[in-house]
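The analysis underlying the following values was restricted to heavy atoms, covering all of them including side chains, and did not include hydrogens, waters or symmetry mates. Every number for a ligand or one of its atoms is a count from 1 in the order of the listing. Throughout, residue positions are numbered sequentially from 1 according to the sequence presented.
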Amino acid sequence: MTALIESILTRKSQPVIDGDIPLSDIERIVQCALTAPDHRSLRPWRFILCSRADCEKLIRRVELVALAQETDDASVEDITAALQRLFTTAPRVVVCVLYVDRSGRVPEIEQVLSAGAAIENMLLAAEAMGHSGYWRTGKLAYSPLLTAALGLEENALICGLLCLGHLEQRMSMEPPQRPDLCRHFFSLDSLPCREFS
Ligand SMILES: Cc1cc2nc3c(=O)[nH]c(=O)nc-3n(C[C@H](O)[C@H](O)[C@H](O)COP(=O)(O)O)c2cc1C
């Protein structure tokens, strides 16, 4: 089995990652995102690299946006706390953005799938390079406050907050439990055709 297949089969998302990754490795990881399948070559993805040091800057931007938009304090506190929590889990967060093309040339679902493939490529690349990652979204990703704080346009969708880092010491873990192949993969002959049964 190739090293890549082995890495895919044994990969495990890491909720808390302490050690940092060199910028050159992050650039390599993002290059892997850019090979994602992409109908009509829309290149709909943007990736914004944030480090722990950027957390306070992001919070300041959120506060400024909230002030301008007269957002209630509770929502601002919510987002601020979520940002602080996020950066306790990893030294780097790649904000993965899909710029949705609404011209009708490519169905939106295909653009979302392409963004997902790009993020998965990064996760797999990070693992294959010996690093770790965790794909997060939650209320932070879907917050208009964060979208505005990042200076993103209206058609921007944050599809992932990809936490990246390097685990200094990988805990020896049981191999991750994965679903049974037979529950998810079928031959045509094993599936009865409802119209004829
Ligand atoms: C689009 C997407 C969003 C996700 N958002 C979160 C999240 O906000 N918080 C979380 O704990 N897990 C989230 N997950 C799940 C984790 O990234 C991870 O896949 C899950 O914990 C299973 O671990 P595994 O990848 O090692 O199998 C998300 C997964 C996807 C595909």
Would you indicate whether Phe186, at its atom CZ, is surrounded by more than 12 heavy atoms from other residues, nucleotides or ligands within a distance under 6.0 Å?
yes
A quick test of your reading: do over 12 heavy atoms of other residues, nucleotides or ligands sit less than 6.0 Å from CZ of Arg178?
yes
Atom 9 (N) of ligand 1: closest protein heavy atom, distance to 0.1 Å, is Arg136 NH1, 4.1 Å
Could you identify the single nearest non-hydrogen protein atom to atom 5 (N) of ligand 1 and state the distance to 0.1 Å?
Thr137 OG1, 3.0 Å
Under a 4.5 Å cut-off applied to non-hydrogen side-chain atoms, are Leu161 and Leu140 in contact?
yes
Scan side-chain atoms only and decide if His131 and Asp25 contain a donor-acceptor pair under the 3.5 Å cut-off.
yes
Measuring from atom 6 (C) of ligand 1, which candidate in Trp135, Tyr142, Tyr134 has the nearest non-hydrogen atom?
Trp135
Counting heavy atoms not belonging to Arg61, are there more than 12 under 6.0 Å from its CZ?
no
Pair Lys57 + Asp54: basic N to acidic O under 4.0 Å
yes
Strictly less than 4.0 Å: does any protein heavy-atom distance to atom 2 (C) of ligand 1 fall in that range?
yes
List every atom of ligand 1 that sits less than 4.0 Å from any heavy atom of Gly138, numbering the atoms from 1 in the order shown and giving each element.
8 (O)
Under 4.0 Å from a heavy atom of Arg11: which atoms of ligand 1 are those, numbered in the order shown and with their elements?
24 (P), 25 (O), 27 (O)
Closest protein heavy atom to atom 26 (O) of ligand 1, given as residue, atom name and distance to 0.1 Å:
Ser13 N, 2.7 Å
Of the backbone atoms (N, CA, C, O) and the side-chain heavy atoms from C-beta on, which set of Arg178 has a member under 4.0 Å from an atom of ligand 1: side chain, backbone, both, or neither?
side chain
